[in-house]
K.L.:
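Before we start, here is the structure in question, set down as structure tokens.
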Amino acid sequence: MNTTLVVAALLVGVATGVVFAGLRVPLPAPPSLPGVVGIIGIYIGYRVVEATGLGFDLLGWLGLG
């Protein structure tokens, strides 16, 4: 894992949070721990499918990829 990319992503996330709070608009992310855990679950599920080679090329099947 590239630590520089992780730090850059964190900084961009913090800057985005500052902008959203400054403009007083709702976050485009779940505001609670269960929502954040759900996003982590989506990521883990994606990685499991990648690692096992399971999956279906929907865009290819639709002729879009």
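Positions are given from 1, in the same order as the sequence printed here.
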K.L.:
Can you name the salt bridge (charged side-chain N to carboxylate O under 4.0 Å, His left out) partners of R47, sequence neighbours left out?
P.N.:
E50
K.L.:
Would a hydrophobic clustering, with Ile, Leu, Val, Met, Phe, Trp and Tyr connected at side-chain separations under 4.5 Å, put F56 with L62?
P.N.:
yes
K.L.:
Which ILVMFWY residues can you reach from V49 by hopping between side chains whose heavy atoms are under 4.5 Å apart?
P.N.:
none
K.L.:
Could you go through the side chain to side chain contact (heavy atoms under 4.5 Å, CB included) check for D57 and L59 one step at a time?
P.N.:
CA-CA 6 Å; D57 183 8; L59 292 180; 4.2 Å; yes
K.L.:
Tell me whether I42 is reachable from I40 by hopping between hydrophobic residues (I, L, V, M, F, W, Y) whose side-chain heavy atoms are closer than 4.5 Å.
P.N.:
no
K.L.:
Using the rule that two of Ile, Leu, Val, Met, Phe, Trp, Tyr join whenever any of their side-chain heavy atoms come within less than 4.5 Å, decide whether L58 and L64 are in one cluster.
P.N.:
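L58 clusters together with L64.
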K.L.:
Rounded to the nearest 0.5 Å, how far does CG of L10 lie from CG of L5?
P.N.:
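Between atom CG of L5 and atom CG of L10 there are 12.5 Å.
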